[in-house]
Protein chains: 2
Amino acid sequence: MGKKAAQPLYKQIKARLKAQVVSGELSQGALLPSETELAERYSCSRLTVHRSLRELADEGVVERRRRAGTRVAMRGNTGLRIRLSRVTEEISRRGFAYRYELIKSVVKTPPLHIHRLLGGDPEQEHLHIKCLHWANNRVFQFEDRWVNLITVPKAQSLSFEKMSPSLWLLDNVPLSDLEHEISAISAKTQIANVMKVEKGSPILEVTRRSTWNNQSVSCARLMHPGDLYSLKSERKAL
Amino acid sequence: MGKKAAQPLYKQIKARLKAQVVSGELSQGALLPSETELAERYSCSRLTVHRSLRELADEGVVERRRRAGTRVAMRGNTGLRIRLSRVTEEISRRGFAYRYELIKSVVKTPPLHIHRLLGGDPEQEHLHIKCLHWANNRVFQFEDRWVNLITVPKAQSLSFEKMSPSLWLLDNVPLSDLEHEISAISAKTQIANVMKVEKGSPILEVTRRSTWNNQSVSCARLMHPGDLYSLKSERKAL
DNA sequence: TAGTGGTCTAGACCACTTT
DNA sequence: AAGTGGTCTAGACCACTAG
């Protein structure tokens with residue numbers, strides 16, 4: 001293993017400052033030197049120091065305010081990042097064979113709690129799809145999705161017999177914002193039957209809502225058997 | 001509501017480029033103009049354009065490689081950010097009264113699966129704590145934690161009768177890295193009894209491991225009744 | 001090897017907020 | 001009023017890699 005090339009200067013400075021925070025040398029709320037002073041101390045331009053501090057602020061390590069200076073952020077608020085891949089990747093990464101199964105696909109007026117997510121005319125019909133993503137002989141994900149036919153009219157003419165709507169949407173609909181909610185539920189009779197798990201089994205549910213220019217595109221419940229799936233964060237700082 | 005001050009130039013450029021991606025005008029894999037060209041087009045310095053593109057790359061909207069240029073990123077890999085606050089805040093934010101209850105606190109040799117997380121000598125004794133965080137009359141979180149007594153010797157002399165170890169650690173131990181895993185489990189008899197929920201209830205479990213300079217500090221299972229707690233992501237792009 | 005992005009400088013002006 | 005961070009410029013050199 002050869003020695004790594006030198007890190008860029010701004011990363012070195014960032015690392016040194018972060019080390020002082022992590023070691024407790026700079027404790028919660030402590031004031032850091034100004035950018036000008038740090039630039040002199042490290043014999044570099046102010047912009048270089050600025051970038052170090054800006055990235056530390058983005059990571060939540062420090063807090064910055066004009067005139068007030070840069071301070072070590074209070075702990076106790078932790079951010080965690082989770083990466084989600086498309087189902088097919090998640091399954092093949094685990095070494096399982098992927099199979100898709102359409103359960104139902106109908107166009108109808110959504111119930112009220114779905115209408116609240118999709119917005120628009122309460123009488124408008126939208127596309128409701130239920131399907132399964134199999135990993136070998138187990139159900140890996142049960143997808144229960146509504147697609148907004150106003151924003152995505154193209155979806156109405158598709159059968160989704162061979163391809164899941166989640167994959168089709170990813171490749172065919174430009175989308176901007178996603179909201180997620182992660183919860184643990186218990187498999188009720190119907191869900192247990194569909195997912196081929198015991199009634200009452202724990203289910204990890206990811207609810208996803210996607211929007212485009214503030215117009216809803218689709219919302220979905222993605223349900224996984226608790227023993228097959230969990231979400232891991234990237235290991236990240238503070 | 002008065003009009004906002006003009007956005008900084010790099011944000012405007014970022015927004016314009018992003019809009020082209022989101023609208024589909026630039027589709028997956030499409031090549032963007034070079035920094036030099038964009039700088040001319042927007043009549044600004046290259047650094048300003050660079051910052052726009054760098055942030056878009058950080059957000060996963062584009063991918064950049066030297067010589068190869070900047071391309072619209074493939075979709076299907078989504079990042080989601082979740083913010084976690086300390087338990088007391090989570091509870092008071094919901095308008096509930098917080099109460100802490102210590103169940104047990106012992107020093108002993110951990111079982112093997114815990115030792116794998118804590119590292120070091122397999123015979124070394126560590127601090128094992130179980131406690132409850134109540135929200136009004138419901139158990140909001142059941143905390144099952146091991147604290148590494150090699151890295152945090154101070155913890156041995158504390159009783160944790162009034163204050164939970166999670167809160168104490170936050171304020172007293174500098175920590176650098178956190179790893180999380182989120183899963184759905186079913187309340188087995190013992191857990192159901194402790195958490196005062198029905199046997200078999202869904203539990204949202206967050207497993208957290210904290211390290212300091214690559215040495216483990218503590219690991220914990222934070223268990224919440226599925227009907228009381230869920231994790232919401234910040235709404236963020238792509 | 002040519003062209004891309006990555007970093008860095010020295011200087012400047014501005015916006016904000018505390019004093 | 002003064003000092004902080006936020007942004008921006010015009011230039012430079014370097015590291016990487018596709019052609």
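In this text, all values refer to a predicted model and were calculated from it rather than measured experimentally. In what follows, chains are A, B, ... by sequence order, proteins preceding strands, each numbered from 1. Atoms considered below: every heavy atom in the structure, side chains included; atoms not considered: hydrogens, waters and symmetry mates.
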>> Strictly distance-based, threshold 3.5 Å: is any side-chain N or O of A:T211 a donor or acceptor partner for the main-chain N or O of A:S216?
In response: no
>> Expressed as a whole number of angstroms, how long is the span from A:L32:CG to D:dG3:C1'?
In response: 16 Å
> Does a salt bridge link A:R221 with A:E143, judged by any charged N lying under 4.0 Å from a carboxylate O?
Replying inline: no
>> Using whole Å, what does the distance between atom P of nucleotide D:dT4 and atom CG of A:L38 come to?
In response: 11 Å
>> Heavy atoms only, 4.0 Å cut-off, all strands: where does A:T70 land among base, sugar-phosphate and nothing?
In response: sugar-phosphate
>> What I want to check is whether the side chains of A:Y98 and A:H133 have a donor and an acceptor closer together than 3.5 Å.
In response: yes
> So which pairs with a foot in residues 147-177 of chain A pass ring pair (Phe, Tyr, Trp, His ring centres under 6.0 Å), sequence neighbours left out?
Replying inline: A:F160-A:W168
> For the pair made of CG in A:L31 and C1' in D:dG5, what is the distance, rounded to whole Å?
Replying inline: 12 Å
> When you measure from the side chain of B:N213 to the backbone N and O of B:Q215, does any donor-acceptor pair fall under 3.5 Å?
Replying inline: no
>> What is the distance, to the nearest angstrom, from the CZ atom on A:R71 to the P atom on D:dT4?
In response: 13 Å
> Can you check salt bridge (Lys or Arg N to Asp or Glu O under 4.0 Å) on A:R51 and A:D58, steps first, answer last?
Replying inline: CA-CA 10 Å; A:R51 183 163 175 190; A:D58 288 342; over 6 Å; no
> Which is it for A:E55 and A:K14 under the salt bridge (Lys or Arg N to Asp or Glu O under 4.0 Å) test, yes or no, and what are the steps along the way?
Replying inline: CA-CA 8 Å; A:E55 293 198 358; A:K14 192 177 148 184; 2.8 Å; yes
>> Requiring both pairing distances under 3.5 angstrom, list the stems that contain DNA chain D and are made of three or more consecutive Watson-Crick or G-U pairs.
In response: C:1-18 with D:1-18
>> I need a per-nucleotide contact map over nucleotides 6-15 of chain D, read 5' to 3'. Cutoff is protein heavy atoms under 4.0 Å; write B for the base, S for backbone only, - otherwise.
In response: BBSB--B--B
> Under the criterion side chain to side chain contact (heavy atoms under 4.5 Å, CB included), which of B:M223, B:R99, B:H224 is the partner of B:F140?
Replying inline: B:H224
